[in-house]
2 protein chains.
Amino acid sequence: MQKTKRLLAIEKIITEEKITTQEELLKKLKGKGIDCTQATLSRNLRQLGVGRIPAGNGGYKYSLPEKIRNSEGISFKPNIVPVIRDIVEAKGLMVIKTIPGNASNTAFFIDGTGRYEIAGTIAGDDTILIIPRDGVTIQQVHTCLEIILPGIHEQIKTSK
Amino acid sequence: MQKTKRLLAIEKIITEEKITTQEELLKKLKGKGIDCTQATLSRNLRQLGVGRIPAGNGGYKYSLPEKIRNSEGISFKPNIVPVIRDIVEAKGLMVIKTIPGNASNTAFFIDGTGRYEIAGTIAGDDTILIIPRDGVTIQQVHTCLEIILPGIHEQIKTSK
DNA sequence: AAAATAAATGCATAAATATGCAAAAAACTA
DNA sequence: TAGTTTTTTGCATATTTATGCATTTATTTT
């Protein structure tokens, strides 16, 4: 799907560079071979929960949610990818395996993102059960996880 | 100065209600007897660091910095009220008493909110000095604290 | 207090963003 | 796989927001 790829690219670009307008983002994407219109970007940014905040030096910048912003508009994101070992599907639910003792904090992080796709989580010691909301497909949950934890699937695949 | 009053009103309104457009904010302000143009609002919002983020149900909402956002655009605040023992005024400054050892982290939290009213803070072990910005009254600082820490004054009053 | 300097504001408009609608693409079903 | 439904997208445009410039208001200096 073209859209998923685009969403990921948008998040990556926004995280790494200071993007001031949608037109600017449009060009960056084009540079990566991803082509769309400003209208589509506007919709995608909404879906990703991306906000537009005043930048310290003048102008504005786009910024991902689930971040902690201070009055300078600077943000950061905790990286918890390395603790995740595996992601499998079962009975329409999602099971995430972590390294021992890390299920709870990982689930807490996932909950904290408040993603629409996820109705709730249950965590043991090294296993998390993710309950998708009604009407949300497993594929959508995968996409959702990829958004929360960029590169996670790739990471799991290569470490196997 | 008219501007300070307006900035405070903007923060208050944005904190308490879901504001979708600058025009909407304009009307709310007019209702409070504060009159200006959209152009001025745009400039003020920038100065306050107010961002525009997608709202969960569709549409957008303005949001102060200092908040932790999740992807639904909902914000929440850590509750640190219980560590605060007393709030008194002295020489146009504000003195906050905390339980021992908690002044520093409380001050850090207050600083982090980036409130316009507060020029800066100094913390010892159980005492914080809040220096209001020029032109800001003690009453306005009280209101500001009530916004940062809802219910704080009530809590102190009842525990005495 | 008058003059000089800086800050704030409105007006008009440019710039940027969101959205209704129709078409195209993708996903699903029988 | 042909038909049906859902999702995604572009186009055109309405809506919303930012800003240059001139003017007013406030602040500072002499």
Side-chain angles (χ1 to χ4, degrees), chain A residues 1-10 13-14 18-30 33-64 73 89 92 116-117 132-144 146-147, chain B residues 1-10 13-14 18-30 33-64 73 116 133-136:
Chain A
M1 192 200 294
Q2 180 65 11
K3 190 185 175 186
T4 301
K5 193 177 156 202
R6 178 159 21 85
L7 291 182
L8 296 174
I10 289 171
I13 291 172
I14 285 176
K18 181 189 167 190
I19 299 297
T20 296
T21 67
Q22 294 180 9
E23 293 294 337
E24 186 184 342
L25 182 53
L26 212 55
K27 283 176 192 163
K28 299 270 184 194
L29 285 170
K30 189 160 289 183
I34 297 174
D35 221 330
C36 70
T37 61
Q38 175 269 324
T40 296
L41 271 194
S42 174
R43 292 178 184 117
N44 289 170
L45 289 173
R46 144 173 284 294
Q47 181 171 1
L48 292 172
V50 169
R52 191 173 193 243
I53 64 176
N57 45 350
Y60 290 76
K61 88 182 278 277
Y62 284 95
S63 140
L64 288 169
E89 179 202 343
Y116 175 80
E117 295 92 329
R133 196 177 289 268
D134 275 353
V136 173
T137 66
I138 282 292
Q139 179 52 49
Q140 286 171 328
V141 177
H142 274 294
T143 303
C144 163
E146 195 57 54
I147 289 172
Chain B
M1 193 201 293
Q2 179 65 11
K3 190 184 176 188
T4 300
K5 193 177 156 201
R6 177 157 22 85
L7 291 181
L8 295 175
I10 290 171
I13 291 172
I14 286 177
K18 181 189 165 190
I19 299 297
T20 296
T21 67
Q22 294 180 9
E23 292 295 338
E24 187 184 343
L25 182 53
L26 210 57
K27 282 175 193 164
K28 298 270 183 194
L29 285 169
K30 189 159 289 182
I34 297 174
D35 222 329
C36 69
T37 60
Q38 175 269 323
T40 297
L41 271 194
S42 173
R43 293 178 183 118
N44 290 169
L45 289 172
R46 141 173 285 294
Q47 180 172 359
L48 292 172
V50 170
R52 191 173 195 241
I53 64 176
N57 45 349
Y60 290 76
K61 87 181 277 277
Y62 284 93
S63 138
L64 288 170
Y116 176 79
R133 196 177 290 269
D134 276 353
V136 173

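Residue numbers begin at 1 in each chain, while the letters A, B, ... track the order of the sequences. Just so it is clear, the values below take in all heavy atoms, side chains as well, and ignore hydrogens, waters and symmetry mates.
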Results of side-chain contact (heavy atoms from CB on, under 4.5 Å) for B:Glu23 - residues two or more places apart only: B:Thr21, B:Leu26, B:Gln38
To the nearest Å, give me how far apart [atom1] ([X]) and [atom2] ([N]) are.
X	N	atom1	atom2	answer
B:Lys3	C:dT9	NZ	C1'	10 Å
B:Leu7	C:dA7	CG	P	15 Å
B:Lys61	D:dT17	NZ	C1'	18 Å
B:Ile53	D:dT16	CD1	P	18 Å
B:Gln47	C:dA8	CD	C1'	10 Å
A:Leu29	D:dT9	CG	C1'	15 Å
B:Asp35	C:dT9	CG	C1'	12 Å
A:Ile34	D:dT9	CD1	P	11 Å

Could you give the distance from [atom1] ([X]) to [atom2] ([Y]), rounded to the nearest 0.5 Å?
X	Y	atom1	atom2	result
B:Arg6	B:Leu8	CZ	CG	10.5 Å
B:Ser42	B:Leu25	OG	CG	11.0 Å
B:Lys5	B:Ile34	NZ	CD1	5.0 Å
A:Glu24	A:Ile13	CD	CD1	10.0 Å
B:Ile19	B:Ile14	CD1	CD1	7.0 Å
A:Tyr62	A:Leu45	OH	CG	6.0 Å

Closest contact, heavy atoms only, B:Lys18 versus B:Tyr60: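 That would be CE-O, 4.0 Å.
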Shortest non-hydrogen separation from A:Gln22 to A:Leu41 and the atoms involved: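 Smallest interatomic distance, heavy atoms only, reads O-CD1, 3.3 Å.
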Reading 5' to 3' through nucleotides 11-21 of chain C, protein heavy-atom contacts under 4.0 Å coded B for base, S for sugar-phosphate only, - for none: B----SBBBBB
Axis-to-axis angle between the two ends of the helix from C:dA1-D:dT30 to C:dA30-D:dT1 (five base pairs per end, rounded to 10 degrees):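 End-to-end axis angle: 50°.
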